[in-house]
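The structure presented is a predicted model; accordingly, all values stated were derived computationally and were not measured. Per chain, numbering begins at 1; letters A, B, ... match sequence-line order.
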Amino acid sequence: MVRTRFAPSPTGYLHIGGVRTALFNWLYARKHGGQFILRIDDTDQSRNVEAALQPILDGFKWLGIDWDEGPEVNGPCGPYFQSQRSDHYQTAVDTLLSKGLAYRDYARTDEIQAEREAAQAEKRSFLYSRNWMAENDDQAAAFEAEGRTAVIRLKMHREGTCVIDDEIRGRVEFEWAKEQDMVIQKADGSALYHLASVVDDHAFGITHVIRAEEHLSNTPRQIFIAQGLDYDLPTYAHLPYVAEPGSKTKLSKRKIPKYLKNPDFKQLYDHGQHIATACGRELDADTFNPVIVDFYRDIGFLPHAVVNYLLLLGWSLDDKTEQFSKEEMIEHFTLERVVKSPASFDPKKLVAFQQREMDSLPLKQKTALAVSYLQQSGLVDDPPSCDTAPRLNDIIEATEQRMTVAGDILDYTDFFVTDDALTYDQDAYTKHITENEDDNGILADFRHIVESANPFEKETIEAAMRAYIEEKGIKFRAIVHPIRIALTGKTIGFSLFDTIALIGQQSCLARLDRILQ
RNA sequence: GGCCCCAUCGUCUAGCGGUCUAGGACUCCGGCCUUUCACGCCGGCAACACGGGUUCGAGUCCCGUUGGGGUCACCA
C-alpha cells in the first residue's frame, strides 16, 4: 500500500512550489491506489493556526487535490496536527536517549556559535566538541548547578557512510562524520522538525517521502533517527525545486520585488492587479502575487490549467504530450520521468496553458465564471436582472478568444453601463471624433442605418453597412473607429457587428446622439 | 568555506551509443488573414558549458574543469 504525504506549515498561503510537490505526491498515491495524507507542520507556530491553514486547504480544494487523511477529514492515524502529537515525540526522544543515540546538551548558544566560527575560520567543517554533553544524571546535575538548561541533541555517528537510494537521484552518499548533532528537542521541551517528521511519517505509515531537493542534505539525520527508533525506512524521492523566472535560484515567497523586475512576472502581476482593482478588491502584497495560488483563483484562472502547467514543471511523458486530464496524469505519472535539474517558473507558459484551457471551456461555464466577475465589480446584479440575464451568454460568446482569464471580462464592460455613464478614451476620442471633420457625416449616416435596421440583428446591420461603404466608395476601416468609440468609448473590442447587436438599437441611438449633439 | 545535487535553444523539455545536418512546446521575430484588439494560419531565429578519455562511433558512458544551485538553526 502506497501512502504519501504533504506537510504544509500554516503560513496563510499556498506556495506554487509547494503545490507542485503536493501534486506529485498526490499523483503517485492515486496512481498506485494508495492514500495521500495532509499533515500540518505547526510545531513552531505561535499564530492562529486555523486561520493560517484555511487558505491552504482552500487552495488544494480549488485545485482538485484531495486528501484521504488530514484536517477536516481526519483518519485512523490522527491527530494530523503536529502540535497535538507531542506525546509521540517525547516517547521517541526518551527512546533515543535511553539507547545513547541522543544526549542532553547544556551548551549555551554563544558557546556553540564560537565553535562554529572557529571551524569556519580554519576552513574546516564544524563538528561539535560535545563539551557540554551530559550522558548521565550526575553530569546533568553539575551543569544545571551552573544554571544551564538542556536541549536534546542527536549523537550522530562519527564514522561510516550514510547511503540513500533515492528514486530520482539514485545512490547518494554522505559521511556520517560530517553530520551535525542536530537539536531534536528544544529547551522548552518542544520537538523540532526532523524528529517530528520522522516520527509522524512512521506513525502514518508513509511509504514514499516525495519532497523537494532542499531536503536531500538533511535526509541522513532523518535516517539516523528512523534507524535509532527501529523504523523501516521509507522510499525517498527528491524532486528538483521550482526556480525563479529566468534563473536557477529557488523560488521564494519573500522575493516578490525581485521577481517584479522580470518582465514576464511583472506582466502577470499587473494583469492580476488590474482585475483585482476592477473588482474593487483590497490587495495584500503578501498573498496576491503569482507565487501564491490564491492569485490565480482570484483573477479567474482555471484550476486545471495551473495543475497541468505544474505537472510539466519537472516532469514529462514524452517529446510532445502537453495536455493531460486528471485521469491521464494519474495514469502516466512516474517518478522515473521526473527531471533532475531545477525548473524555472515561466509565467508566460502558464498563461499559455490557461489560454488553451479557457478556449476549450464550454460557453455556459465560461459565462458563469465571467458573470461572477461582473457581479463582483457591481456591473451585474446577483442574480442578474431580467434585462441583463438573457444577454449574458451572447456577450461572452462574442468575446471569442479575448478572455484569457475570467476576470478579463472586466475589460469589456460597456455593455453593462448606462448610456449616460459611458466614458470615452480621451486620446481615441480626440483623434477619431474631434479631429476628423468627416466623421459627423459618417456617424449621422450610421444613425440612419441603426434606426432603420429591421430586424435589428447583426446580419441586417452588416448588410446595410456594407452597402453604405460601397455606395460611398470608402473602406470599412474608415468608419470602424468613430463608430466603435461612439458606442463603446474605446478603439478595441469585439467584432463591430456583434458589438452593435449586443448594445441594442435603443442604446446605440442614445450613444450616437451623445456624440452628434 | 564544508558537504551534496545539477548541467540540451531565453524558458519547459525529448534524447536512455549509430535513425541528431538534435525533435516538440512557450516566448520572440517576420508574413498572411482582417472591422479595431485578440484569435487563427504559415515561416524563421535559437541549444548539446569546456577539456580529456572509453568506443569503429558520444548530446548519450567515465574522469576532470568550469558554471549554476541546495544545505549547513533551540525554522520548516
Sugar-phosphate, base or nothing in reach of A/Phe174, heavy atoms under 4.0 Å: sugar-phosphate

Full working for salt bridge (Lys or Arg N to Asp or Glu O under 4.0 Å) between A/Arg466 and A/Glu462: CA-CA 6 Å; A/Arg466 296 241 181 248; A/Glu462 176 166 2; 3.0 Å; yes

Over-ring placement of A/Arg104 relative to A/Tyr106, 6.0 Å and 45° cut-offs: no

Donor-acceptor pair (no angle test) under 3.5 Å: A/Arg402 side chain, B/rC37 base: yes

Whole angstrom value for the distance that separates P of B/rA25 from CZ of A/Arg356: 10 Å

B/rU11 base / A/Ser344 side chain donor-acceptor hit below 3.5 Å: no

Contact state string [nucleotides 41-48 of chain B, B base, S sugar-phosphate only, - no protein heavy atom under 4.0 Å]: --------

Criterion salt bridge (Lys or Arg N to Asp or Glu O under 4.0 Å) against A/Asp181, the qualifying member of A/Lys155, A/Arg130, A/Arg221: A/Arg130

Interatomic distance where CD belongs to A/Glu175 and P belongs to B/rC3 [whole Å]: 8 Å

Whichever of A/Thr109 and A/Thr399 has its nearest RNA chain B nucleotide further upstream toward 5': A/Thr399

Spacing of the P atoms in B/rG23 and B/rG59 (rounded, Å): 15 Å

Residue whose closest nucleotide on RNA chain B lies nearer the 5' end, A/Glu336 versus A/Ala352: A/Glu336

Distance-only donor-acceptor test (3.5 Å): side chain A/Lys349, base B/rC12: yes

Under 3.5 Å on both distances, the Watson-Crick or G-U partner of B/rG44: B/rC28

Span that lies between the P atom of B/rC45 and that of B/rG30, in whole angstrom: 15 Å

